Amino acid sequence: MLKSAYVEEVFTLRAGDRVELLGWVRNVRQHGKLVFLDLRDSTGVVQVTVKTGVADEEAVKTASTLGREASVKVVGRVVEDRRAPGGREILCERLEVVGRAYGEYPIKPGVGPRFLYDNRHLYLRSPKVSAIMKIRSAMVEAARRWFIEHGFTEIHCPTFITAAVEGGATLFEVNYFGRKAYLTQSVQFYQEAAIYGLEKVFSIQPSFRAEKSKTRRHLTEFWHIEAEMAFTELPELLETVEQLISYMVVETVEKRKREFTELGRRFNVEVVEPPFERIKYEEALNILESKGVTISWGEDLGADEERILTEQFDKPFFVTHYPKEAKAFYHMPDPSNPRVTLSADLLAPKGYGEIVGGGQRIHDYKLLIQRIEEENLNPQDYRWYLDLRKYGTIPHSGFGLGVERLLQWILNLRNIRSACLFPRTRQRIYP
RNA sequence: GCCGGGGUAGCUCAGCCUGGUAGAGCAGCGGGCUGUUAACCCGUUGGUCGUCGGUUCGAAGCCGACCCCCGGCGCCA
């Protein structure tokens, strides 16, 4: 039987079966008329042995001229051999070159991270990057499934916008036929409009931030999972977030076991078992105080404070009720203490920091105008947003989740860039 | 934007303190090898030492300015 197969199948077929594999040559080891090829495809790597007596002279000759990453078609038999990695290899009978590798392949052992990002278009072929991308895909798929199963409608919002969601944040400016426009940093406002028809909505799309951040947690373009819910107040929002996060992580870990192993990463799913602890901003200050860090009330938690705080927890936890001066104007003031807002951030443990940010929105027209003016913003810029409060306003809440941040945490990635196919940072827009 | 580290062969780096005319490993190329696992052995190509200026008989190394990269902070997901 001549059979077209994927590399992973080699390890489940019977010894002696003949297969036809298509893939790329990861490495070549030559011993005169015995040549070993490490053949890679999207499912794994297998050793192909090309030797005279099994393959013809021509195949051995061809094999010995192959460079790294040449694409080939191999026909051969699956054999058990203790000397082969994984205990199995392909004894090559026929070898065909699909595409040669011209010149030396730049990606090889010993190269540094910078070089790998300069050559990301090639490095993507590595099993490690493939594993991360498969995990990422599974994670986003799980999120989408969870939303759909819970009655949310997926909506797609514009990327070009005219005004900032949050006054101070830095936006990328684009020339929109002579008018000033910006790239979106959140679809929240559009989602707030959409809930009047759909009640529960979610979006999975990129957001852009022009902040000049130079850290391993920041991208200028990142994938943002956002949701907005009508008739929802803070406590229900927190439950939604913890259910979603838990589902996403557990599903991903269970469905992508092999990829986690490939990356040498284990994730204990008990860590994301709901409920997550909720602490108020004020309690966070007390915890910090007990660790010898004092910040004045009203100040936002800085990176150092966040790190110290997250080190006290093994599971993700919510920090709620931030002071209104630390949050954007649309956050709902707490009726029982108007100095604070019905806001919440979900912080990952052990220093990974903010994964989700959200809260209850102001739904009262007058209060919203008042808050816009207090922040020295112009209500004219928010006309349609204010309109939403004029016709049948309702309490509502929403949140945003950083896909790469969540991946960075569950995969323990040193740098957020490795969670992206082609990362975009302040310094990098190529390749 | 502020602070710290860095830029030397295709890649990873040493040399810089103490100035004397550029090195290693890997990769490449040629040759050898029938059981390698990032194979090994022999041979070999390869450098505006980030840029500009200064000091000096002489600068990769000292001094000054600038450019670029990485990270920490601020800002945030």
Side-chain angles (χ1 to χ4, degrees), chain A residues 26-38 45-55 60 63-65 67-68 79 81-87 89 91 101-119 123 126 164-171 185-188 205-226 241 245 299-307 326-328 345-348 352-358 399-409 414-417 419 425-428:
Chain A
R26 202 167 151 69
N27 195 18
V28 184
R29 291 177 295 280
Q30 250 190 81
H31 302 254
K33 289 186 171 150
L34 169 65
V35 184
F36 297 106
L37 306 176
D38 292 337
V45 181
V46 69
Q47 173 166 285
V48 175
T49 300
V50 190
K51 59 182 173 187
T52 48
V54 184
V60 177
S64 65
T65 64
R68 286 179 206 267
V79 297
D81 195 314
R82 301 172 90 175
R83 297 167 296 187
E89 64 182 11
L91 255 185
Y102 296 98
E104 66 174 297
Y105 188 64
I107 311 292
K108 49 197 152 238
V111 299
R114 157 101 169 277
F115 184 83
L116 291 176
Y117 285 109
D118 284 342
N119 292 279
Y123 186 48
S126 76
V165 169
E166 325 198 4
T170 331
L171 296 160
Q185 54 155 346
S186 167
V187 298
Q188 178 194 328
Q205 54 183 97
S207 283
F208 304 88
R209 301 280 162 93
E211 274 124 19
K212 293 174 180 173
S213 303
K214 288 181 159 195
T215 77
R216 45 194 165 131
R217 309 182 301 283
H218 285 87
L219 297 163
T220 51
E221 177 176 3
F222 67 95
W223 277 69
H224 212 171
I225 297 179
E226 291 175 272
V241 171
I245 294 286
E299 239 181 292
D300 202 359
L301 305 176
D304 290 337
E305 290 81 35
E306 210 173 87
R307 192 171 307 113
K327 287 284 170 187
D345 285 351
L346 182 72
L347 303 187
Y352 279 91
E354 190 176 346
I355 302 287
V356 176
F399 65 91
L401 182 168
V403 169
E404 292 85 359
R405 284 267 177 98
L406 183 56
L407 261 177
Q408 187 180 12
W409 170 48
R414 237 186 101 63
N415 196 303
I416 197 164
R417 285 175 303 197
T425 65
R426 188 179 171 203
Q427 313 298 341
R428 183 172 294 285

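Since the structure is predicted, the reported quantities are computational estimates derived from the model, not experimental observations. Here is the naming used below: chain letters follow the sequence lines, and residue numbers restart at 1 for every chain. What you see below is based on every heavy atom in this structure, not just the backbone, and it leaves out hydrogens, waters and symmetry mates.
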Visitor: Quick one: label A:D81 by what it contacts on the DNA or RNA (base, sugar-phosphate, nothing), any heavy atom closer than 4.0 Å.
Guide: base
Visitor: If you measure only the distance, is there a donor-acceptor pair under 3.5 Å linking the side chains of A:R29 and A:Q47?
Guide: yes
Visitor: Within 45 degrees of the axis of the six-membered ring of A:Y117 and under 6.0 Å from its centre: does A:R417 put its NZ or CZ there?
Guide: yes
Visitor: With sugar-phosphate meaning primed atoms plus P, OP1 and OP2, does A:R216 contact a base, only sugar-phosphate, or nothing at under 4.0 Å between heavy atoms?
Guide: sugar-phosphate
Visitor: What's A:Q408 touching, base or sugar-phosphate or nothing? Going by heavy atoms closer than 4.0 Å.
Guide: nothing
Visitor: By nearest atom, which of the nucleotides B:C2, B:U12, B:G35 is closest to the A:K214 side chain?
Guide: B:C2
Visitor: Could you please name the option among B:U36, B:A77, B:C73 that lies closest to any side-chain atom of A:L219?
Guide: B:A77
Visitor: Checking all strands, does A:R405 fall into the base, sugar-phosphate, or nothing category for heavy-atom contacts under 4.0 angstrom?
Guide: base
Visitor: Just wondering, more than 12 heavy atoms not from A:K212 lying within 6.0 Å of its NZ?
Guide: no
Visitor: Hey, is the side chain of A:S213 pairing donor to acceptor with the base of B:C76 inside 3.5 Å?
Guide: no
Visitor: Report the nucleotide, chosen from B:A77, B:A27, B:C76, that has the shortest atom-to-atom distance to any side-chain atom of A:E306.
Guide: B:C76
Visitor: Indicate the atoms forming the closest heavy-atom contact of A:D345 with A:G357, along with that distance.
Guide: OD1-CA, 3.5 Å
Visitor: Over how many whole Å does the gap from A:F115 atom CZ to B:C13 atom C1' extend?
Guide: 15 Å
Visitor: Any side-chain N or O of A:R26 less than 4.0 Å from the OP1 or OP2 oxygen of B:U37?
Guide: no
Visitor: Of the nucleotides B:C76, B:A77, B:C73, which one has an atom closest to the side chain of A:H224?
Guide: B:A77
Visitor: Taking any heavy-atom pair under 4.0 Å as a contact, classify A:Q30: base, sugar-phosphate, or nothing.
Guide: base
Visitor: By nearest atom, which of the nucleotides B:G72, B:C69, B:G35 is closest to the A:L34 side chain?
Guide: B:G35
Visitor: Looking at the side chain of A:R68, which of B:G71, B:G1, B:A27 is the nearest nucleotide?
Guide: B:A27
Visitor: Which is it for B:G61, anti or syn, if anything within 90° of zero counts as syn?
Guide: syn
Visitor: For the side chain of A:R29, starting at C-beta, report the closest nucleotide among B:C73, B:U36, B:A27.
Guide: B:U36
Visitor: What integer distance in Å separates A:Q427:CD from B:C67:P?
Guide: 13 Å
Visitor: Let's test this: given Watson-Crick or G-U wobble pairing with both distances under 3.5 Å, identify the partner of B:A38.
Guide: none
Visitor: Nearest whole Å is fine: how far is B:G71 P from A:N415 CG?
Guide: 5 Å
Visitor: Quiz question: going by heavy-atom distance under 3.5 Å, is there a donor-acceptor pair between the base of B:G35 and the side chain of A:K51?
Guide: yes
Visitor: I'd like to check A:T220 versus A:R209 (side-chain heavy atoms, cut-off strictly below 4.5 Å). Are they in contact?
Guide: no
Visitor: Choosing from B:G74, B:C76, B:U37, which nucleotide comes nearest the side chain of A:R83?
Guide: B:U37
Visitor: Just name whichever nucleotide pairs with B:G64, Watson-Crick or G-U, keeping both distances under 3.5 Å, else none.
Guide: B:C52
Visitor: Closest to the A:R307 side chain: B:G35, B:U37, B:G72?
Guide: B:G72
Visitor: If you look at every strand shown and take non-hydrogen atoms under 4.0 Å, does A:F36 touch a base, only sugar-phosphate, or nothing?
Guide: base
Visitor: Looking across every strand, which nucleic acid part, if any, lies under 4.0 Å from A:I225 by heavy atom: base, sugar-phosphate, or nothing?
Guide: nothing
Visitor: Could you let me know what B:G43 is paired to, Watson-Crick or G-U wobble, both distances under 3.5 Å, or none if it's on its own?
Guide: B:C29
Visitor: At under 4.0 Å, does any side-chain N or O of A:R217 touch on OP1 or OP2 of B:C73?
Guide: yes
Visitor: What contact category does A:L401 fall into here, base, sugar-phosphate, or nothing, at under 4.0 angstrom with non-hydrogen atoms?
Guide: nothing
Visitor: Once you apply a heavy-atom cut-off of 4.0 Å, does A:R414 come out as touching a base, just sugar-phosphate, or nothing?
Guide: nothing
Visitor: Specify the separation, in whole Å, of atom CD of A:E211 and atom P of B:C2.
Guide: 18 Å
Visitor: How many whole angstroms separate atom CG of A:L301 from atom C1' of B:C73?
Guide: 15 Å
Visitor: Could you check whether the side chain of A:H218 and the base of B:C75 have a donor-acceptor pair of N or O atoms closer than 3.5 Å, going by distance alone?
Guide: yes
Visitor: Give a yes or no on whether the backbone of A:S64 and the side-chain of A:Q30 come within a donor-acceptor separation of less than 3.5 Å.
Guide: yes
Visitor: Quick one: label A:V356 by what it contacts on the DNA or RNA (base, sugar-phosphate, nothing), any heavy atom closer than 4.0 Å.
Guide: sugar-phosphate
Visitor: Nearest whole Å is fine: how far is B:A27 P from A:K108 NZ?
Guide: 9 Å
Visitor: Find out whether A:Q185 and A:L171 are in side-chain contact, i.e. whether some heavy atom of one side chain is under 4.5 Å from a heavy atom of the other.
Guide: yes
Visitor: What contact category does A:G302 fall into here, base, sugar-phosphate, or nothing, at under 4.0 angstrom with non-hydrogen atoms?
Guide: sugar-phosphate
Visitor: Can you check the A:I416 CD1 to B:G72 P distance for me, whole Å?
Guide: 12 Å
Visitor: Treating A:R217 as the side-chain partner and A:R405 as the backbone partner, does any N or O pair qualify as donor plus acceptor under 3.5 Å?
Guide: no
Visitor: Once you round it to whole Å, what is the distance between C1' of B:U36 and CG of A:L91?
Guide: 14 Å
Visitor: Spell out yes or no: do the side chain of A:T52 and the base of B:U34 have one donor N/O and one acceptor N/O closer than 3.5 Å?
Guide: yes
